[in-house]
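Below is one structure, written out as structure tokens, with a few remarks after it.
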Amino acid sequence: MINIYEVNETNQMIENQNLDVRTITIGISLLDCIDSSLTKTCDNIYSKIMRIARDLVSTGESIEKKYGIPIVNKRISVTPIAIIGGACCHSTKDYVEIAKTLDICAKKLGVNFIGGYSAIVSKGMTKADRLLIESIPEAMSVTDFVCSSVNVGSTKTGINMDAIKLLGDIIKKTAEYTKDQESIGCAKLVVFCNAPDDNPFMAGAFHGVSESDAIINVGVSGPGVMHEAIKHARGKDFGELCEIIKKTAFKITRVGQLVAMEASEALHIPFGIIDLSLAPTPAVGDSIADCLESMGLERTGAPGTTAALAILNDQVKKGGVMASSYVGGLSGAFIPVSEDQGMIRAVNDGALTLEKLEAMTCVCSVGLDMIAIPGHTKSTTIAGIIADEMAIGMINAKTTAVRVIPVVGKGIGETVEFGGLLGYAPIMPVNQYSCDEFIERGGRIPAPIHSFKN
Amino acid sequence: MEKGIITVVGSDQVGIIAKVCTYLADTNVNILDISQTIISGYFTMMMIVDTSRSTKEFNVLTTEMAQLGEDIGVSIKLQHEDIFNKMHRL
């Protein structure tokens, strides 16, 4: 039988170490909403989302009460809209209408975000894909809760450099369109390589075409719990450190699994996956950087940081897969800058640079995330940053992503406030040398060889 | 049987157990086990209860017990036992 110390340990995690379930995300296929009329398509999308996700928020709240654990976000992801609007959208304005429909659904249902304003263009772009991408700046400026993502490469197909060049411009434009709100539009836009079909985390969530009609995916969290556990391993060798991380990841994930099963049963929607990612929040004590520093680093960014992150990422997976039979999504450790107090401190102290962050993305679950850069950064430079990150994903057969925000009117040394879960960030310097000619080439980077792994 | 775990944490005072038990009796919740100890200087009590024949829904009990705690000046939580079983048992 459960004893008082175990009960106390769980409740300490919830009350003092920010343990929560980060998100319950319903993935909804919109393939059956396609119509040649834009109005009809929007109507179909509206009715389907409202029908399937009707009880999402109330169910989430009820589970919170039953188990006494906060469920921070309730979200929806949908089939990439480039596909859904292919038959009825003839201009960027048409796509923006669909974005508005999604935004209305999010507001009426009370969900935190709706993801899937997306295009998958790893090898080439259809006319519809291009229109959707070109509509992103306006779509992000006229909606509040819609998130957008573009997958521009994969290990199997190589990298679509035409799309990356276009996205360099689109990111700049999105920043410009939302300049009155600190260019926040860019915080809702992610560029991916090897994007998974079942990711529950925003801004990059979409419901892939390989998925069923509707599915429940759950993202766990818990950097605060992990930090507390690692603190108790001070002075112990790596074997013991890894054991502690694994055990803690197991406990966190089991809670996620419990919530996922409960939500799936209550909503009559099948359970998809648990995403094992450790996701920080701007709250003090809910930081990945703190976890890394408690392993023995003076500041995140110091030599040893990449190794520490590799340990954390791998052990979280090892503990987590034991706790759930279906693990998917991004699963690992997120290292967003603006959403993590410890990361912000490391940047402000001069310990952490964009280049070190890039190295860290080789061993963590996503990539260059929530990084504010000077507003005057050239679009080709942004494209170059994306290309570098996509190359890491393609060659290492992992998911990588870029979410950078060129904040209009701000330069190095200034700070940008996004508010809420998105936090705040110091503007980071970017390498000033040009990659114009490289980006101007256009075309595709061929798929990599899958042997001779060196 | 639907088991819940009640935890009461706070500074020790006269009548905490009496008030909690009165509420449970009024709502027809059966107490299966009680243990108490001091953890980090705080009075900590744990009760394992059966809520299956309660006159109120589990989520209503949760809200009312939290309110009772506020009235007494301690923290009272009722949680379904599965969160602890899943986390601490294979």
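If you're wondering where the values come from, they're calculated on a predicted model, not measured in any experiment. Chain identifiers are assigned alphabetically (A, B, ...) following the order of the sequence lines, protein sequences preceding nucleic acid strands; residue numbering begins at 1 within each chain. In what follows, every heavy atom counts, from backbone to side chain, and hydrogens, waters and symmetry copies are set aside.
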[atom1] of [X]: more than 12 outside heavy atoms within 6.0 angstrom?
{"X": "B:Tyr42", "atom1": "OH", "result": "no"}
{"X": "B:Glu2", "atom1": "CD", "result": "yes"}
{"X": "A:Lys108", "atom1": "NZ", "result": "no"}
{"X": "B:Glu57", "atom1": "CD", "result": "no"}

Which bit of [X] comes within less than 4.5 Å of chain B, counting heavy atoms only: side chain, backbone, both or neither?
{"X": "A:Ile63", "answer": "neither"}
{"X": "A:Met322", "answer": "side chain"}
{"X": "A:Glu9", "answer": "side chain"}
{"X": "A:Val7", "answer": "both"}
{"X": "A:Glu15", "answer": "side chain"}

- Query: Nearest 0.5 Å, what's the OG-CE distance between B:Ser35 and A:Met1?
  - Reply: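 CE of A:Met1 is found 10.0 Å from OG of B:Ser35.
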- Task: Any chance you could lay out the side chain to side chain contact (heavy atoms under 4.5 Å, CB included) test for B:Phe84 and A:Asn11, step after step, and finish with the verdict?
- Result: CA-CA 9 Å; B:Phe84 306 107; A:Asn11 286 338; 4.1 Å; yes
Is there a side-chain contact between [X] and [Y], using heavy atoms and a 4.5 Å cut-off?
{"X": "B:Met87", "Y": "A:Glu6", "result": "no"}
{"X": "B:His80", "Y": "A:Tyr67", "result": "yes"}
{"X": "B:Leu90", "Y": "A:Phe250", "result": "yes"}
{"X": "B:Thr62", "Y": "A:Lys66", "result": "no"}
{"X": "A:Thr10", "Y": "B:Lys86", "result": "no"}

- B:Thr7, part contacting chain A, at a heavy-atom distance under 4.5 Å: side chain
- Message: Is B:Glu81 in contact with chain A via its backbone, its side chain, both, or neither, using a 4.5 Å heavy-atom distance?
- Response: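 The answer is neither part of B:Glu81.
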- Any idea which of B:Ile5, B:Ile39, B:Leu78, B:Leu61 has the most non-hydrogen atom pairs under 4.5 angstrom with chain A? B:Ile39
- Heaviest contributor of heavy-atom pairs below 4.5 Å to chain A, chosen from B:Met46, B:His88, B:Lys77, is B:His88
- Task: Could you please state which residues from residues 224-231 of chain A sit under 4.5 angstrom from chain B, measuring non-hydrogen atom to non-hydrogen atom, sorted by number, or 'none'?
- Result: none
- Query: Between A:Ile252, A:Leu258, A:Ile4, which has the largest tally of heavy atom pairs under 4.5 Å with chain B?
  - Reply: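 Highest number of pairs under 4.5 Å: A:Ile4.
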- Item | Nearest non-hydrogen partners of B:Ile48 and A:Ile2, listed with the distance |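 Residues B:Ile48 and A:Ile2, closest heavy atoms: CD1-O, 4.3 Å.
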- Message: Regarding A:Glu61 and B:Asn59, do their side chains bring together a donor and an acceptor under 3.5 Å, going by distance alone?
- Response: no
- Message: Would you say A:Lys65 and B:Thr63 are linked by a side-chain donor-acceptor pair, where the criterion is simply a distance under 3.5 Å?
- Response: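 There is such a pair (donor and acceptor under 3.5 Å, judged by atom type) between the side chains of B:Thr63 and A:Lys65.
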- Task: Report yes or no: does A:Arg254 contribute a side-chain atom to a donor-acceptor pair with the main-chain N or O of B:Arg89 at less than 3.5 Å?
- Result: yes
